[in-house]
Trainee: 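Below is the structure I would like to discuss, written out as structure tokens.
This chain uses plain numbering: 1 for the first residue, then up along the sequence. Counting convention: from 1, in listed order, for ligands and their atoms alike. As a basis for the values below, the full set of heavy atoms in this structure was taken, side chains included, without hydrogen atoms, waters or symmetry mates.
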Amino acid sequence: MSSYGQQFKIREVSPIVQELVAEGVQEPPGQYVVPEQDRPAAAFSEMPEPIPVVDLSRLSADSPDELAKLRSALENWDLFLAVGHGMEPGFLAEAMKVMREFFKLPLEEKRKYSNIVDGKKMSWDGYGNDLVVVENQVLDWNDRLSLLVEPESERAYALWPTQPPSFRDILCEYTVRCRGVANLILQKLAKLLNLQEEYLTTMLGEKSLTQATINYYPRCPKPDHVLGLKPHTDSSLITVNFVDVDVSGLQLQKNGIWYNVPIVANALVVNMGDLMEVVSNGFFKSLMHRVVTNAEKERLSLVMFYVLDPEAEIELVPELVDDKRPRRYKNMKTKDYLAKFFDTYATGKLAIDSMKI
Ligand SMILES: O=C(O)CCC(=O)C(=O)O
Ligand SMILES: [Fe+2]
């Protein structure tokens, strides 16, 4: 088995949340109920200042103001909103429509693409939901379809839906266009680190893994008792997320406070992941975030995780280590980190903590 198709042992297969909702549950089943102190209702606050919206077309033309905005966004929030990315609103709306149609298919159809292998293991790729790894795990109110899109040679097409018919084409097009966006962002991040512009794009080479995940959060009759996704950081260098225009849900944590990430129409939400924190020796921080649900509307997000080559070591940039700023993270192979991520996510712990020196 190639290291791209990693599989992980699971305890049990959790129910598809969309089915629970279709059956008309009024109370989320116990497995989904978050302990009182971690519930979302007590939490969210107004942002003390807006999150910078960075215009990528200006960034690409080397605007110093735009670069300063990017720097400030990452220093304060570990995330920014990106406009001027060149993907037309019509294209993005079409992509979301097609992705949403997949979730509207009958369960038997979607199950053809299940991420469960032999009832005991789960692969990153495929349709399913939260992975049950430990006893008494609190489950996410979320179903998802996750597919490796790069390297192209590693795609498991058997798990790519054939319905709706335009699914494949649109995901392929989104992959190419989003890769262009990611490369531009990585060039400018390298600049902020005083590295050559191509440093990070070279690091994210041909063998690097890109995972597309379409998250589907059904309505929840008791949104204050569950989480769409529990608090986590991403197992990526960077994550590029396109969210529903009219349903909020993504929240970020800063200094112990949860804030709603605002929605800006047709903007991409870009955040730093664990691998970027490690590679940059902590100059950039991996974003702590979670997703809340609501009683009225389902929500969809289309997320691209830019990960490194699974077989390669996660290489901390030597130029970012010196006497004043010693090395903060241990060496680890990307695939070992990913295996760790899988286990720790389920328990609400952070994989990156095990790499800190
Ligand atoms: O749904 C969202 O907006 C965020 C999704 C997310 O954090 C993830 O898939 O890791
Ligand atoms: Fe995430």
Trainee: Could you please spell out the steps behind the side chain to side chain donor-acceptor pair (under 3.5 Å) verdict for T175 and E150?
Mentor: CA-CA 8 Å; T175 299; E150 292 172 321; over 6 Å; no
Trainee: Which atoms of ligand 1 sit under 4.0 Å from any heavy atom of H289?
Mentor: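 Those of ligand 1 that fall under 4.0 Å from H289 are 7 (O).
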Trainee: Among pairs that include at least one residue of residues 88-97, which meet side chain to side chain donor-acceptor pair (under 3.5 Å), considering only residues two or more places apart or in two chains?
Mentor: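 Sorted pair list: E88-R177.
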Trainee: Under 6.0 Å from the ring centre and within 45 degrees of the ring axis: does the NZ or CZ of R290 meet both conditions for the six-membered ring of W258?
Mentor: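 Judged by the rule, R290 and W258 form a cation-pi pair.
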Trainee: Within this structure, what is the OG1-CG distance for the pair T210 and L308, rounded to the nearest 0.5 Å?
Mentor: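 Result: 10.0 Å between the selected atoms.
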Trainee: Charged N to carboxylate O under 4.0 angstrom, E66 versus K188?
Mentor: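 Salt bridge absent between E66 and K188.
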Trainee: What's within reach of the Fe ion (ligand 2), meaning protein N/O/S atoms under 2.8 Å?
Mentor: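 Under 2.8 Å from the Fe ion (ligand 2) - ignoring waters, which are not counted - the protein N, O or S atoms are H232 NE2, D234 OD1, H289 NE2.
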Trainee: Given V269, L229, D244, T233, which one has a non-hydrogen atom that is nearest to atom 6 (C) of ligand 1?
Mentor: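 Going through V269, L229, D244, T233 one by one, L229 has the nearest heavy atom to atom 6 (C) of ligand 1.
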Trainee: Could you tell me which atoms of ligand 1, counted from 1 in the order shown, lie closer than 4.0 angstrom to a heavy atom of F305?
Mentor: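 Atoms satisfying the 4.0 Å criterion: 8 (C), 9 (O), 10 (O).
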Trainee: Using distance alone, determine whether T213 and ligand 1 share an N or O pair under 3.5 Å.
Mentor: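 No, since none of the N or O atoms of T213 sits under 3.5 Å from an N or O of ligand 1.
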Trainee: Rounded to the nearest 0.5 Å, what separation is found between the CZ atom of R328 and the CG atom of N281?
Mentor: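 If I round to the nearest 0.5 Å, the distance is 6.0 Å.
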Trainee: Applying the side-chain contact (heavy atoms from CB on, under 4.5 Å) criterion to E319, which one of D322, L316, V321, V317 satisfies it?
Mentor: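 Exactly one pass, corresponding to V317.
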Trainee: Compute the centroid of each ring, for F102 and then for Y127, and state whether the two points are separated by less than 6.0 Å.
Mentor: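 Aromatic pair counts; centres sit under 6.0 Å.
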Trainee: Give the numbers and elements of all ligand 1 atoms closer than 4.0 Å to a heavy atom of V243.
Mentor: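 Those atoms are 3 (O).
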Trainee: Show which atoms of ligand 1 fall inside a sub-4.0 Å distance from at least one heavy-atom site of S301.
Mentor: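 Taking each heavy atom of S301 in turn, ligand 1 has 1 (O), 2 (C), 3 (O) under 4.0 Å.
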Trainee: Is it the side chain, the backbone, both or neither of N241 that has a heavy atom closer than 4.0 Å to ligand 1?
Mentor: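 The part of N241 near ligand 1 is the side chain, not the backbone.
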Trainee: Would you call V53 and K69 a side-chain contact if the rule is heavy atoms closer than 4.5 Å?
Mentor: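 SC-SC contact between V53 and K69 ruled out.
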Trainee: Nearest non-hydrogen contact with atom 10 (O) of ligand 1 belongs to which option: R299, R290, H232, R144?
Mentor: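 Looking at heavy atoms only, the winner is H232.
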Trainee: Output the list of atoms in ligand 1 that are nearer than 4.0 Å to some heavy atom of Y217, sorted by atom number.
Mentor: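 By the 4.0 Å cutoff, the relevant atoms are 1 (O), 2 (C), 4 (C), 5 (C).
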Trainee: Is Y32 close to P15 at the side-chain level, that is, under 4.5 Å between some pair of heavy atoms?
Mentor: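 Heavy-atom side-chain distance check passes, below 4.5 Å.
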Trainee: Do me a favour and list the nearest non-hydrogen protein atom to atom 9 (O) of ligand 1 with residue, atom name and distance?
Mentor: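 Checked against all protein heavy atoms, atom 9 (O) of ligand 1 sits closest to N215 ND2, 3.0 Å.
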Trainee: Kindly determine whether L209 and K335 satisfy side chain to side chain contact (heavy atoms under 4.5 Å, CB included), including the steps that lead there.
Mentor: CA-CA 11 Å; L209 185 165; K335 71 173 179 192; over 6 Å; no
Trainee: Can you list the ligand 1 atoms lying under 4.0 Å from a non-hydrogen atom of V291?
Mentor: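 Going through ligand 1 atom by atom, the ones under 4.0 Å from V291 are 1 (O), 2 (C), 4 (C).
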